[in-house]
Amino acid sequence: MERRNLLRAAAVAPAAALIPTPALAYDASSKNGGRSDSASPRFALAVLPDTQYLFDADSADPAPLRETFDFLLRERGGEDNVAFMTHLGDVTEHGTEQEIALAGQTFKALDGKLPYSVLGGNHDVSGDDQRGSTPYLKTFGPSRFKHQPSFLGATADGYNSAHVFKAAGRQWLVLALDWRISDQGIAWAQGVLTAHPTLPAIVTTHDIAFADDNGQAYLSDNGRRLWDHLIKANDQVFLALGGHYWPPGRTVLKNDAGHDVHVHITNYQDRYYGGAAMIRLYHFDLERNRVDVETFAPWFLARDPARRTPLEAETIELTSDVNRFSLDVDFDERFAAFAPPALPKPRPAAQVVDRHTVAYWRFDQAGQSVADGAQVKDWTGKGNDLTVRRLANSTAETLTLAADHHEGAPAHASLKFDGGKNPDRGAILQTGPNAPVNSMKFLGGYTIELFMKLPDPYEGDHSWMGVFSWEGRSGDAGKHAGYSETETTCSMNVTGERFLQYNVYAQVGDVNPTAWSHALPTGVWQHVAIVNDGKRSVVWVDGSRIARNPSRITQGIATLGRPFTLGANSDNLSYGQGFYGWIGDVRISDRALKPSEFLPNGHFTS
């Protein structure tokens, strides 16, 4: 059974101590899986806990770990996009030269193919990190990693290391700390964090927390020491992982900055076949602001389902809420204090307007007013300026200027509309009676795009509301195919359920195709574009084509020389309301644009 279906079916040191490397992003090819996609917003961190029973004197069996490594290498360039693997210690049972040598040979499968870290556990070494030379250090010390581009450096003793990998368009720091880190080691780790203050950090160590039978985790003595002397004062650290104890568990602690630090225990040595090199994948999704965690055994997964024994079938994956769960992490917000997102700078109108731009309105002009009668400039210079007008029952607060904006908007400003019902109120911005855009037919195609955001919470009495429209009724244009001959010839609206509707009467023929989106989220800026290639109209939201785009031919717009209106459905105000939310830059072009040409330049692909 393919894995996805299976899972668905189952319910301060001196700088000299750091070894510099020429590149921090590890993109080496693997003969099994190739390169990971470091630009994708989705990647996986693989976490491998105690493998000690697989390297236990003459009963050693590295086969499960080989299968896990094969899986990770395949998924380095696969759907899981595995970017890094970290081992949590107790690689072996006794730390003997024989056990360590076999483990080292097994780990060669990853060398040069997948960046990874290893740290010493109490079964690999004894005492603290000042213990001197050991078989573990000779095999898994800095000499093993010095040619790995993700290797940042190690302590002089060699038992603590730092690694940086690139994923989701940014760099991530992993501290692999000895199971009994010394004061010198903690000072070194602090030095690494201080030297890389903008990198989100993951602390890995063998002994950090233990859990009760309900999966509630508590800091161990060593974990408390790490928390008090390293983690809690460094806001960069958002995740701390340990093994050693079972059962698995997790908890969330607040650091000195008041932010969450997720502390997890991962260990399956008590399970069948010593855990069979069970792997835990942390699936980071920076689009959804989520980390989805799953735990499974590739060794058993690779076997013929019909030939799996009951214990093998039982141990393929673990689905309790400490082994399969999700974390909600607003990454931009969580990392803002030390690594604020680099937002695009405002772009001048000259970079937005070309010979195909019919009209372009933005709301960041110095001295811009939104009082009744105020004008908003059309930056094309073609005479399509907008004039502000408030509707009945409206106040100054019905339309205000705002600094809020979509991160990809050329102008870092917007209009905030407070339209509503009971009583009906709203504000509109309209072109003048002789504006060229009023009568353009767009027979060769067009693109109408804007930024919008609905409030969160979505409070008040709100029903159907217009975003923009051209004045003029379909019946007056000789169109009879639509819902009503009193409808405007072209409008974009939001229903009471927050569905987006684009309704247009074509200039050629008596057709009225209407596109419908999904329910729009609140509190999120979105880019909306209507693209017509001279034959069909397609609505896009955030560079994604919506599902309910009619396939009927739609050539042109049956405009009647009446004003273009922003902020309402101009001929149906008695039926709906003025817009409620924010509107950013608005642009109309006389050709069909590709998503890569939309206003959020570079945000969307073709």
- Message: Please determine whether side-chain hydrogen bond (donor to acceptor under 3.5 Å, both in side chains) holds for the pair N267 and H244, giving the CA-CA distance in whole Å, both sets of side-chain angles, and the decisive distance to 0.1 Å.
- Response: CA-CA 6 Å; N267 185 11; H244 188 53; over 6 Å; no
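- To the nearest 0.5 Å, atoms CG (L65) and CG (L102) are separated by 9.5 Å.
- Stacking of R250 on the aromatic ring of F325 is recorded, both the 6.0 Å distance cut-off and the 45° axial limit being met.
- The 12-atom threshold is exceeded at CG of D304, counting heavy atoms of other residues, nucleotides or ligands nearer than 6.0 Å.
- Distance alone, capped at 3.5 Å, is enough to place a donor-acceptor pair between the N160 side chain and the D178 backbone.
- Screening F107, Y159, F145 for a ring-ring contact (aromatic ring centres under 6.0 Å, His included) with F140, the sole residue that qualifies is F107.
- In terms of modelled atom types and a separation under 3.5 Å, the side chain of E97 and the main chain of A101 share no donor-acceptor contact.
- Proximity of a side-chain donor or acceptor of S220 to a complementary backbone N or O of I208 within less than 3.5 Å is detected.
- Just one of V82, L114, D80, N81 meets the side-chain contact (heavy atoms from CB on, under 4.5 Å) condition when paired with S36; it is N81.
- In this structure, NZ on K166 lies 10.5 Å from CG on D37, to the nearest 0.5 angstrom.
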- Message: I'd like to know whether E312 forms a side-chain contact (heavy atoms from CB on, under 4.5 Å) with Y272, so could you lay out the CA-CA distance, the side-chain angles of the two residues, the decisive distance to 0.1 Å, and finally the verdict.
- Response: CA-CA 8 Å; E312 291 171 349; Y272 171 63; 3.9 Å; yes
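- R347 places no side-chain N or O within donor-acceptor distance of the main-chain N or O of A409, the cut-off being under 3.5 Å.
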- Verdict with reasoning, W540 to V528, per side-chain contact (heavy atoms from CB on, under 4.5 Å): CA-CA 6 Å; W540 302 74; V528 179; over 6 Å; no
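- Q216 CD: more than 12 foreign heavy atoms inside a 6.0 Å radius.
- Judged purely by atom type and a 3.5 angstrom limit, E67 has no side-chain atom pairing as donor or acceptor with the backbone of A276.
- For an aromatic pair to be called close, the ring centres must be under 6.0 Å apart, and H259 with F238 fails this.
- Taken from CD1 in I186 to CG in L226, the straight-line distance is 5.5 Å, to the nearest 0.5 Å.
- In this structure, N234 contributes its side chain and V237 its backbone to no donor-acceptor pair below 3.5 Å.
- Here the rule is side-chain contact (heavy atoms from CB on, under 4.5 Å) with V125, and of T134, D90, L119 only T134 fits it.
- Side-chain contact annotation: T295 with E317, donor-acceptor N/O pair under 3.5 Å absent.
- If you check the side chains of H163 and S161, you find a donor sitting under 3.5 Å from an acceptor.
- Side-chain rings of H264 and Y282 approach one another, their centers coming within less than 6.0 Å.
- Side-chain N/O atoms of H87 and S117 include no donor and acceptor closer than 3.5 Å.
- L286 contributes atom CG, which lies 6.5 Å from atom CZ of F43 (distance to the nearest 0.5 angstrom).
- How far NE2 of H229 is from CG of D183: 7.5 Å, rounded to the nearest 0.5 Å.
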- In sequence, state the C-alpha distance, the side-chain angles, and the governing distance for D129 and R180, and then conclude on salt bridge (charged side-chain N to carboxylate O under 4.0 Å, His left out). CA-CA 6 Å; D129 56 19; R180 284 294 182 265; over 6 Å; no
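- In summary, the side chains of Y218 and R224 do not present any donor paired with an acceptor at a separation below 3.5 Å, with no hydrogens or angles considered.
- At least one donor-acceptor pair closer than 3.5 Å links the side chain of D128 to the backbone N or O of Q130.
- Applying the side-chain hydrogen bond (donor to acceptor under 3.5 Å, both in side chains) criterion to Y273, with sequence neighbours excluded, gives D61.
- Scanning for salt bridge (charged side-chain N to carboxylate O under 4.0 Å, His left out) contacts around D292 gives R288, R290, with sequence neighbours left out.
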- Quick one: do R225 and D221 satisfy salt bridge (charged side-chain N to carboxylate O under 4.0 Å, His left out)? Show the steps, please. CA-CA 6 Å; R225 182 166 171 267; D221 289 343; over 6 Å; no
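- Using a distance-only test at 3.5 Å, with no hydrogens or angles considered, no donor-acceptor pair links the side chain of H262 to the main chain of L241.
- Here the CD1-CG distance, from I279 to L72, works out to 5.0 Å after rounding to the nearest 0.5 Å.
- Side-chain N or O atoms of D56 include none that pairs as donor or acceptor with a backbone N or O of S59 at under 3.5 Å.
- The closest donor-acceptor contact from the side chain of Q171 to the backbone of V164 lies at 3.5 Å or more, if one exists at all.
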